[in-house]
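Encoded as structure tokens, the structure appears first; notes follow it.
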Amino acid sequence: MSSPATAEHGCSRLSPHIAHGSLSLRQIAQTMLQAREAAPRTHWHRQLHSYVTRLWWHCYALQVLENQPEMERQALVPEMEQLSRSMDTARFDAWRLGRTGWPMVDACMRFLHHHGWLNFRMRAMLVTVATHTLSLPWRPVADWLAQMFVDFEPGIHYTQIQMHSSMAASPVLRLYNPVTQARELDPQGHFVRRWVPELAAVSDEWIVMPWAMPSTLRDRFGLVGTRNYPAPLVDFEQVHRCVKAEIAALRSSLGLQAAPGFNERPRQGARGRRTPAPEQVDAKQSAQISLF
């Protein structure tokens, strides 16, 4: 699911149907539960279980927006607006058109232009690159992506925007390194070459960092100056160090806490013990009032 090269087949691709109501969550959940019961206790059974739990998180995200509808236009932790985020039209246009100079970022944005869909991790990367790496304000970023997603769901969209832009002051700062993502998710550069044809002739050695090539190689591959493919807009490693320091200082000086509902999801604890899925939690231990 994480790699844009395989997510088209690794994800269910039902999100547009859920967003537009051509399939109901109940219909999908019941079908998945029946399939899970019939499936052998293998990797496929675990994947079906994972999918059902994601439907629960989908509903949870919608409830968060229902409880805090102001998140569409306001930072959930207003003090986080003190971060240095000004509108730079040139940077914003480079980001939205897939011309940032980071191959994985540009490939994902161009893929989104073509399909109207992108897998979750790459959506998160586009948001963090825009709001943290390029220091763009979160509202134009949220508005642009909302227009692009064929499966736009406000509850999921704005909760994720608030979290990944740090406007919810979540405990964990998410910064996606474009080079690391490319190396992990597209090591041979197949996805990048398909969606950034300017780099089609670049070798595997340089496909994730074409700006680092010697000038002789840039000339050989037709990357003369920035005419064919631009250099990165900023030094992301340097920017990320500054961003981490700025956010840490702001949180510390003001004693900021995460917005309600934006604490980290429980992670796997001791080896072999997993956090129970929502349907496995004892109703007596849940804050949700029972209907019966």
Side-chain angles (χ1 to χ4, degrees), residues 4-5 83-150 152 157 160-161 164-167 174-183 185-186 189 191-202 206-213 215 217-219 221-244 246:
L83 295 173
S84 302
R85 303 289 183 267
S86 58
M87 187 59 176
D88 184 317
T89 303
R91 287 188 178 186
F92 183 78
D93 287 345
W95 171 78
R96 72 180 180 86
L97 297 176
R99 296 281 295 173
T100 65
W102 296 303
M104 181 59 93
V105 174
D106 295 338
C108 287
M109 183 60 82
R110 297 180 194 189
F111 179 93
L112 176 60
H113 276 263
H114 184 81
H115 290 288
W117 181 89
L118 189 64
N119 62 313
F120 177 81
R121 182 186 287 195
M122 296 298 96
R123 296 186 191 207
M125 180 187 69
L126 291 183
V127 174
T128 66
V129 165
T131 58
H132 292 310
T133 313
L134 298 179
S135 300
L136 294 169
W138 65 272
R139 293 178 188 82
V141 170
D143 292 343
W144 169 257
L145 291 176
Q147 296 176 71
M148 296 299 294
F149 292 145
V150 71
F152 171 64
H157 184 68
Q160 295 301 318
I161 290 286
H164 287 99
S165 66
S166 292
M167 291 300 107
R174 292 168 173 81
L175 288 174
Y176 286 81
N177 181 319
V179 170
T180 300
Q181 296 302 310
R183 284 175 174 162
L185 305 177
D186 187 35
F191 179 79
V192 164
R193 289 190 183 90
R194 179 180 178 186
W195 295 100
V196 187
E198 303 98 304
L199 304 178
V202 176
W206 300 104
I207 191 65
V208 301
M209 296 178 63
W211 65 88
M213 286 190 295
S215 58
L217 286 180
R218 291 185 62 86
D219 292 342
F221 296 133
L223 301 178
V224 181
T226 60
R227 184 177 70 251
N228 292 334
Y229 189 68
L233 296 170
V234 299
D235 182 334
F236 64 81
E237 291 183 350
Q238 179 180 356
V239 169
H240 286 184
R241 285 194 295 270
C242 294
V243 167
K244 290 177 183 178
E246 183 183 17

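By convention here, the first residue in the shown sequence is residue 1. Predicted model, so just to flag it, every value in this text is computed and none were measured.
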Original post:
Are the side chain of Trp95 and the backbone N or O of Leu126 linked by a donor-acceptor pair below 3.5 Å?
Top reply: yes
Original post:
Are the side chain of Arg193 and the backbone of Val202 linked by a donor-acceptor contact shorter than 3.5 Å?
Top reply: yes
Going by the rule side-chain contact (heavy atoms from CB on, under 4.5 Å), which residues pair with [X] if we only count those two or more places apart in sequence or in a different chain?
| X | result |
| --- | --- |
| Met148 | Leu112, His113, Trp144 |
| Pro140 | Met87, Phe92, Pro137 |
| Ala212 | Trp206, Met209 |
| Ala107 | Phe191, Val192, Trp195, Val196 |

Without placing hydrogens or testing angles, list every side-chain donor-acceptor pair under 3.5 Å for residues 235-243, not counting sequence neighbours.
residue	atom	partner	partner atom	Å
Asp235	OD1	Glu237	N	3.2
Asp235	OD1	Gln238	N	3.3
His240	NE2	Thr133	OG1	2.8

Which atoms form the tightest heavy-atom contact between [X] and [Y], and what is the distance?
| X | Y | value |
| --- | --- | --- |
| His164 | Ala124 | NE2-CB, 3.4 Å |
| Asp186 | Met104 | CB-CE, 3.6 Å |
| Val105 | Met125 | CA-CE, 3.8 Å |
| Thr131 | Trp138 | CG2-CA, 3.9 Å |

Taking atom [atom1] of [X] and atom [atom2] of [Y], what is their separation to the nearest 0.5 Å?
| X | Y | atom1 | atom2 | value |
| --- | --- | --- | --- | --- |
| Glu246 | Ser135 | CD | OG | 7.5 Å |
| His114 | Arg194 | NE2 | CZ | 7.0 Å |
| Leu136 | Arg91 | CG | CZ | 7.0 Å |
| Arg123 | Tyr176 | CZ | OH | 13.0 Å |
| Met122 | Met109 | CE | CE | 12.5 Å |
| Asp106 | Phe111 | CG | CZ | 15.0 Å |

Original post:
How far apart are the C-alpha atoms of Val127 and Arg174, what are their side-chain angles, what is the distance that settles it, and do they pass the side-chain contact (heavy atoms from CB on, under 4.5 Å) test?
Top reply: CA-CA 10 Å; Val127 174; Arg174 292 168 173 81; over 6 Å; no
Original post:
Got a sec, which residues hit ring-ring contact (aromatic ring centres under 6.0 Å, His included) with Phe152, two or more places apart in sequence or on another chain?
Top reply: His157
**OP:** Please assess Phe120 against Gln160 for the test side-chain contact (heavy atoms from CB on, under 4.5 Å), listing each intermediate value before the final yes or no.
**Re:** CA-CA 10 Å; Phe120 177 81; Gln160 295 301 318; 3.3 Å; yes
Original post:
Can you find a heavy atom in the side chain of Pro103 that is under 4.5 Å from one in the side chain of Leu199?
Top reply: yes
Original post:
Is the closest side-chain heavy-atom distance between Trp102 and Asn177 below 4.5 Å?
Top reply: no
Subject >> Leu185 vs Arg121, side-chain contact (heavy atoms from CB on, under 4.5 Å): CA-CA, chis, key distance, verdict >> reply: CA-CA 10 Å; Leu185 305 177; Arg121 182 186 287 195; 3.9 Å; yes
**OP:** Mind running side-chain contact (heavy atoms from CB on, under 4.5 Å) on Met167 and Leu83 for me, showing each step along the way?
**Re:** CA-CA 9 Å; Met167 291 300 107; Leu83 295 173; 4.0 Å; yes
